[in-house]
Amino acid sequence: MKAAEIREKFLKFFESKGHTIVRSSSLVPSNDPTLLFTNSGMVQFKDVFLSTETRPYSRAVTSQPSLRAGGKHNDLENVGYTTRHHTFFEMLGNFSFGDYFKRDAIHYAWELLTRVYKLLPERLTVTVYYEDDEAYHIWSHEIGLPLDRIIRIGDNKGSRYASDNFWQMADTGPCGPCSEIFYDHGPQLYGGPPGSTDESGDRFIEIWNLVFTQFNRDVKGNLEPLIQQCVDTGMGLERLAAALQHVHSNYEIDLFQQLIAAAARATGISDLQHNSLKVIADHIRACSFMIVDGVVPGNDGRDYVLRRIVRRAIRHGYKLGCKRPFFYKLVEDLIHEMGNAYPELKTARRRITDVLHQEEERFSKTIEQGMLILEAMLSELEVRGVKIFDGELAFKLHDTYGFPLDLTADVCRERGINIDEVVFSESMKRQREKARTTSKFQVAQELDYRGVKTIFHGYDQHICNDASVVALYINDTVASLLQAGHKGIVVLDRTPFYAEAGGQVGDQGALINSTTRFTVSDTFTVRANVVGHQGILEKGELKVGDVISACIDVERRVRTTRNHSATHLMHKALREVLGLHVQQKGSLVSPEKTRFDFLHNKPLSDAEIHSIEVLVNAEVLANTPSIAQVMSFDNAVNLGATALFGEKYVDEVRVIDLGFSRELCGGTHVQRTGDIGLFKIVFEGSVAANIRRIEAITGDSAVHYVHSLEAILSGAARVLKVQPIELTPRVMQIWDQLRVLKKELVQIQLKLATSSRNELLSKTVDVSGVHVLAAEVESTNIKMLREIVDRLKDTLSHSVIVLATVSSGKISLIASVTTSVSKNIHASELVNFVARQVDGKGGGGAYIAQAGGTNMSKLPEALLSVKEWVQAQL
């Protein structure tokens, strides 16, 4: 049975059991910032398990692409060295959210494995948590599994519930026992059953984990039963396929065999058993799915994980003797194998191929030299009989040649040598500290530039007609020529383009001559006084030595300049209004707005915002000229200049006098304050403890904003038939009237509830001496339902009550049980019994509970079923 058929049978089986087939989620979790990647099927349902999100179904089944190659969950180092570890794998899972529990989960698993997939029952062994008698009983008495193949696993990690068979989402929160199913690959393989001393062998392989989430762990470690018991299972498709295809390694299944053959073809080798081919086959899956979900090779977080995996694959190709780009060629083979199940691979075919090809070309230029250094050092260590690789050299390979530590560790492990990771970590720490004091652009750190400095003409010019190209880069690598369609970085000997610094964004524009046009999308600092122009060559070609005209986008620059100058005035006004404790903690100056973060411990009042706007606009109206001077840092400070956050100052600094503001700044500014036009604050809020943020606009953007506000005010005034100046008192008057009407409405609803009590009482039936009432109340709300229930209980002292109401297409349910019958009937169980029939669910306590639903057509039948349900409980 092929992997694709196994996946399809799994989904269809659980669909036949009432499960909704849910589309797999992204590898980049949207609901869990603590995870680098989605590492299991339950991640997309985390909020459902926590009861902070509801879904229109209570049973779900998925085939979830998962990644364990970064952070806490990391199998990268094991790939290629074991039969069953992968960076990327598919997790087959079925889930119950307050629906079925242990019995059904175990029966479903057994039925699927033995009747649908037809695995031999005698090959299956299970584990249960040693205190979980219920699961043990189901396996032994209902499934009929021999007792010697049901293994109780105790607390083996130092404390109670710290067991491989007790699952928890975190230190606190939902948790519960689990039951794992193992497949016996046969006595010809080394290894013992789970719980034995040799359990890590390859004979008994876990294929499925059934997690029974039934408790909530508090901060003291106490376990309380959850209102909603859930099931969360996970079965590795690759491991299951190995069992069904009668092979002992995941890499021998059909899916991997095709990818391994493709890797052999791409690298030009014939030995299909080579471990490096397994690594490459695994990594093409991981990399492709990561790129589909928006990850690109980089130097931080998820981007760095992708870069590590790509470079590890390239190194294994190099090990096979392939020194040309090959990895990107496997994309088509992957799409052939998995494209039908995951059509997003087909859609992103070109992007995946291009990203991988670019990364291969980037790394191929350095891997050969890095490998020569690494091999030479390893040979020397072997001659000396030393088994420790120098951590400083490992860092140099990482820093200079882009060898991630785990790649170097891979090579060392093959030679029986360990890396001094302590020294490596110390070197990394020093490098990070140094990086913080230099360029903020990682890409700039990667550019190998040793040429002349760039002369900046942008303070007084918008164009340089005689700029010369002194360096070109493609993918951060030195190039001699850019051709049409190439993305790259251009360094000029002179430029009017401002490189991003001090919060001001870099300029955009174009580098042109009679045959060439390079569109600049961003400008940044490559080295001190060296400007990089990043963009794409739209036409012609560009080579080192060419003379071009460098032209900035003037309108964009003017807008940015207005906002930058306004930021200086606003900074000064903030200190005037709020106090000298105000310190800048970050800024962004763009053509659209200025964003300013500053130290302050409380929100700004409307009066304070108004005062700041008045001060800034007064400086604008004064229309004073801006004055820029270059002087020593000490002189600038003595003159009272304010240093801006994020700037690195040298001996000679530029001081900007602008109205009542004097600051150190290298950015571009208006010639006179009147050029700002109009200043308007549009946002004020908190971004961190004691850090506030203001966003403001200037010029025509501010004018358009004011016009929009006027239009809104005029429209509201017309609706209320008053002049705009009378709008506030009229709104307050209407608000007072609404409050009175709400109170009157509540009184009317209470009267209606009282008048309907007799009608509801007439629908009460006697069930074994208990008053049972299940009825629908005309459109009201859940609060009023509670009020009605309370009034009914004054009369029905020995009762079970279920009331429902329909409003805006949704059903609200409430169940109430008097103390006298609560020993037999639980309100939460009752309300969920009714809610499930109307496609809903809910929760509550023993005496009162509430729920929602959406299927109005089933409501009458659901209410009628209450009598029979109560009878069964009694």
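The structure presented is a predicted model; accordingly, all values stated were derived computationally and were not measured. One-based numbering along the sequence shown.
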If you measure from [atom1] on [X] to [atom2] on [Y], what distance do you get to the nearest 0.5 Å?
X    : Y    : atom1 : atom2 : value
K487 : T519 : NZ    : OG1   : 12.5 Å
E619 : S565 : CD    : OG    : 12.5 Å
I335 : T353 : CD1   : OG1   : 6.5 Å
L542 : N513 : CG    : CG    : 7.5 Å
H707 : E710 : NE2   : CD    : 5.5 Å
R517 : I536 : CZ    : CD1   : 12.0 Å

Any side-chain heavy atom of [X] within less than 4.5 Å of one from [Y]?
X    : Y    : value
T594 : H564 : no
L578 : F598 : yes
R662 : L639 : yes
N529 : F456 : no

Would D675 and R672 count as a salt bridge (Lys or Arg N to Asp or Glu O under 4.0 Å) if you check the C-alpha gap in whole Å, the side-chain angles of each, and the deciding distance to 0.1 Å? CA-CA 6 Å; D675 297 339; R672 306 183 72 92; over 6 Å; no
Side-chain donor/acceptor of [X] to backbone N/O of [Y], under 3.5 Å:
X    : Y    : answer
T668 : T561 : no
E608 : S605 : yes
D553 : G509 : no
T525 : R527 : no
N617 : E613 : yes
S611 : A607 : yes
E684 : I609 : no
S521 : Q534 : yes
E663 : V655 : no

Please find out if less than 6.0 Å separates the ring center of H533 from that of F518.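 Not under 6.0 Å, so no.
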In terms of heavy-atom contacts, does CD of E332 have more than 12 from other residues, nucleotides or ligands at under 6.0 Å? yes
For [X], give me all partners under salt bridge (charged side-chain N to carboxylate O under 4.0 Å, His left out), at least two apart in sequence or on another chain.
X    : answer
R654 : none
K329 : none
R557 : D507

Looking at every heavy atom in both [X] and [Y], which two are closest together, and how far apart are they?
X    : Y    : answer
N563 : S590 : ND2-O, 2.8 Å
K572 : S661 : CB-CB, 4.2 Å
G540 : T516 : CA-OG1, 4.3 Å

For salt bridge (Lys or Arg N to Asp or Glu O under 4.0 Å), just list the numbers for D700 and R559, CA-CA rounded to whole Å, side-chain angles, deciding distance to a tenth of an Å, and then say yes or no. CA-CA 9 Å; D700 54 350; R559 289 175 178 270; 2.8 Å; yes
Run the salt-bridge test on [X] and [Y] with the 4.0 Å N-O cut-off and return the result as yes or no.
X    : Y    : answer
K543 : D546 : yes
E359 : R307 : yes
R595 : E695 : no

For the residue pair H568 and H669, categorise the inter-ring angle as parallel (less than 30°), tilted (30 to 60°) or perpendicular (more than 60°). perpendicular
